[in-house]
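Note that the coordinates shown come from a computational prediction; the quantities given were computed from them, not determined experimentally. All values below come from the heavy atoms of this structure, side chains included, with hydrogens, waters and symmetry mates left out. Residue numbers start from 1 in every chain, and the chains themselves are labelled A, B, ... in the order their sequence lines are given, proteins ahead of strands.
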2 protein chains.
Amino acid sequence: MIDPDKEGYLTLDNQLCFVLYSTSNAMSRSYQPLLKALDLTYLQYLVMMVLWEEQVINVKALGKKLHLDSGTLTPLLKRLETKGYVNRTRSQEDERIRLISVTEVGEQLKEQAQHIPEKMMCLSKMEADELISLKAACERLLANLTD
Amino acid sequence: MIDPDKEGYLTLDNQLCFVLYSTSNAMSRSYQPLLKALDLTYLQYLVMMVLWEEQVINVKALGKKLHLDSGTLTPLLKRLETKGYVNRTRSQEDERIRLISVTEVGEQLKEQAQHIPEKMMCLSKMEADELISLKAACERLLANLTD
DNA sequence: TGCAAGTATATTGTGTGCAACTAAATTGCT
DNA sequence: AGCAATTTAGTTGCACACAATATACTTGCA
């Protein structure tokens with residue numbers, strides 16, 4: 001990680017990227033059982049969290065928040081629509097814009113999701129301050145990679 | 001992040017999981033252009049890194065190192081075989097075991113990959129010690145989530 | 001020795017990610 | 001007003017992730 005010329009620099013265990021990738025996958029796997037009762041995948045849960053905050057949002061703004069594009073979001077939103085958690089309507093002023101809104105049923109899911117963050121913090125077995133500093137470091141890295 | 005009863009606790013921006021997920025995706029996207037010349041995807045690059053270290057490994061051991069299962073690895077390894085980067089043979093002693101070894105061509109890729117970690121560190125725009133502590137925090141979290 | 005239990009990999013099906021492309025509506029400029 | 005450039009979503013194709021299942025081989029034990 002420090003010296004590019006060092007022997008073994010190009011080694012799996014030396015790569016931050018790999019640890020980040022594995023941890024993110026592990027996190028998603030850990031969420032899966034908690035989300036089963038809500039019939040949501042991990043990404044669908046992230047989308048619902050945005051909708052619980054915003055009520056109505058278009059695909060572009062949603063993609064910007066989640067760092068994802070329409071190729072990922074369009075089919076996902078159709079699946080959420082099929083489940084009855086969201087509505088997909090078009091803006092009256094601009095027909096290009098697809099407005100995503102949360103349904104009554106989708107809104108009710110929020111109640112059931114209320115204790116998920118707590119449970120995950122528990123599963124992480126880490127102190128709050130350590131999680132916060134990890135989050136801050138990731139945010140800095142993310143910002144640097146995406147500008 | 002701290003107080004489960006706090007208003008807005010169940011909010012996208014409060015979730016470590018989301019930042020981790022976005023950062024991991026962003027990292028993968030950042031690698032893609034660097035890996036284009038090697039005709040490798042990000043995950044294929046991780047697999048090749050293991051093979052540059054090990055020369056020969058079976059699918060189970062590879063999966064353990066990468067925290068992935070055969071459902072992900074088998075098709076990926078077939079693609080690497082098609083590219084001519086690895087061989088997929090069976091163990092003589094135990095016919096169930098698939099032995100993956102790196103080819104001459106695959107070995108040569110290592111030369112071209114030599115400067116990728118350096119370039120990524122540069123893209124991250126972060127100090128080495130900060131990257132190291134981020135890596136350590138992720139490792140702790142990963143270990144906690146996977147035992 | 002024979003066969004149940006266990007192990008290693010492969011297959012199938014669903015759901016992401018993302019690049020490249022298409023379609024349709026809007027905006028801006030002359 | 002008219003049309004090119006832009007914007008917003010959607011589509012397509014490929015490569016992951018991963019749960020569930022299938023297949024083939026090996027081991028252990030009665």
Side-chain angles (χ1 to χ4, degrees), chain A residues 17-18 20-33 35-36 39-48 57-64 66-83 85-86 88-100 145-146, chain B residues 17-18 20-33 35-36 39-48 57-64 66-83 88-100 145-146:
Chain A
C17 70
F18 166 62
L20 212 49
Y21 164 87
S22 298
T23 307
S24 177
N25 284 345
M27 191 73 97
S28 167
R29 275 194 299 273
S30 298
Y31 267 98
Q32 239 44 270
L35 293 171
K36 195 149 193 170
D39 190 25
L40 288 176
T41 65
Y42 176 61
L43 180 55
Q44 287 165 10
Y45 168 68
L46 296 179
V47 169
M48 289 309 294
I57 194 168
N58 64 56
V59 176
K60 170 111 176 170
L62 185 58
K64 185 165 183 180
L66 294 162
H67 306 281
L68 292 170
D69 70 359
S70 65
T72 301
L73 290 176
T74 297
L76 181 147
L77 292 168
K78 285 181 178 174
R79 281 189 283 274
L80 287 179
E81 188 183 38
T82 302
K83 289 183 209 284
Y85 296 165
V86 308
R88 299 182 341 114
T89 59
R90 283 195 186 280
S91 164
Q92 294 296 309
E93 306 90 62
D94 188 337
E95 289 277 348
R96 292 169 305 180
I97 296 176
R98 178 72 80 170
L99 294 175
I100 311 300
L145 290 176
T146 57
Chain B
C17 71
F18 166 62
L20 212 49
Y21 163 87
S22 299
T23 308
S24 176
N25 284 345
M27 190 73 96
S28 167
R29 276 195 299 273
S30 298
Y31 266 98
Q32 237 47 268
L35 293 171
K36 194 149 195 171
D39 190 24
L40 288 176
T41 66
Y42 177 60
L43 179 56
Q44 287 167 8
Y45 168 68
L46 296 179
V47 169
M48 289 308 295
I57 195 169
N58 63 57
V59 175
K60 170 112 176 169
L62 185 58
K64 185 165 183 180
L66 294 162
H67 307 280
L68 293 170
D69 70 358
S70 65
T72 300
L73 290 176
T74 296
L76 182 148
L77 292 168
K78 285 181 177 174
R79 282 188 283 273
L80 287 179
E81 188 183 37
T82 302
K83 290 183 210 282
R88 297 182 343 115
T89 60
R90 282 194 187 282
S91 163
Q92 293 296 309
E93 305 91 64
D94 188 336
E95 289 276 348
R96 292 168 307 179
I97 296 176
R98 180 72 79 169
L99 294 174
I100 312 300
L145 290 175
T146 57

Send over the distance from [X] [atom1] to [N] [atom2], rounded to a whole Å.
X: Glu95(A); N: dA9(D); atom1: CD; atom2: C1'; result: 13 Å
X: Lys64(A); N: dT7(D); atom1: NZ; atom2: P; result: 13 Å
X: Arg90(A); N: dA24(C); atom1: CZ; atom2: C1'; result: 9 Å
X: Leu73(B); N: dT11(C); atom1: CG; atom2: P; result: 14 Å
X: Glu81(A); N: dA9(D); atom1: CD; atom2: C1'; result: 14 Å
X: Met27(A); N: dT16(C); atom1: CE; atom2: P; result: 18 Å
X: Leu77(A); N: dG10(D); atom1: CG; atom2: P; result: 8 Å
X: Arg98(A); N: dT11(D); atom1: CZ; atom2: P; result: 9 Å

* Does Lys78(A) offer a backbone N or O that forms a donor-acceptor pair with the side chain of Thr82(A) under 3.5 Å? -> yes
* Keeping the roles fixed (side chain from Asp69(B), backbone from Thr72(B)), state whether a donor-acceptor pair exists under 3.5 Å. => yes
* To do: Kindly check if the number of other-residue, nucleotide or ligand heavy atoms within 6.0 Å of NZ (Lys83(B)) is above 12?
  => yes
* Asked: Shortest non-hydrogen contact from Gln32(A) to Tyr42(A)?
  -> OE1-N, 3.6 Å
Under 4.0 Å between a side-chain N or O of [X] and OP1 or OP2 of [N]?
X: Asn58(B); N: dA8(C); result: no
X: Arg96(A); N: dT22(C); result: no
X: Lys78(B); N: dT11(C); result: yes

* Asked: Should Ser24(B) and Asn25(A) be marked as a side chain to side chain contact (heavy atoms under 4.5 Å, CB included) after you check the CA-CA gap, both sets of side-chain angles, and the distance that decides it?
  -> CA-CA 9 Å; Ser24(B) 176; Asn25(A) 284 345; over 6 Å; no
* Structure fact -> Per side chain to side chain contact (heavy atoms under 4.5 Å, CB included), Leu62(A) is matched among Leu76(A), Leu77(A), Leu68(A) by Leu77(A)
* Asked: Between Ile57(A), Val59(A), Leu73(A), which is the residue that forms a side chain to side chain contact (heavy atoms under 4.5 Å, CB included) with Arg98(A)?
  -> Val59(A)
* Per-nucleotide protein contact string for nucleotides 14-21 of chain D (B base, S sugar-phosphate only, - none; heavy atom under 4.0 Å) -> -SSBBB--
* **5' priority, DNA chain D, between Thr74(A) and Glu93(B) [closest heavy atom]** => Thr74(A)
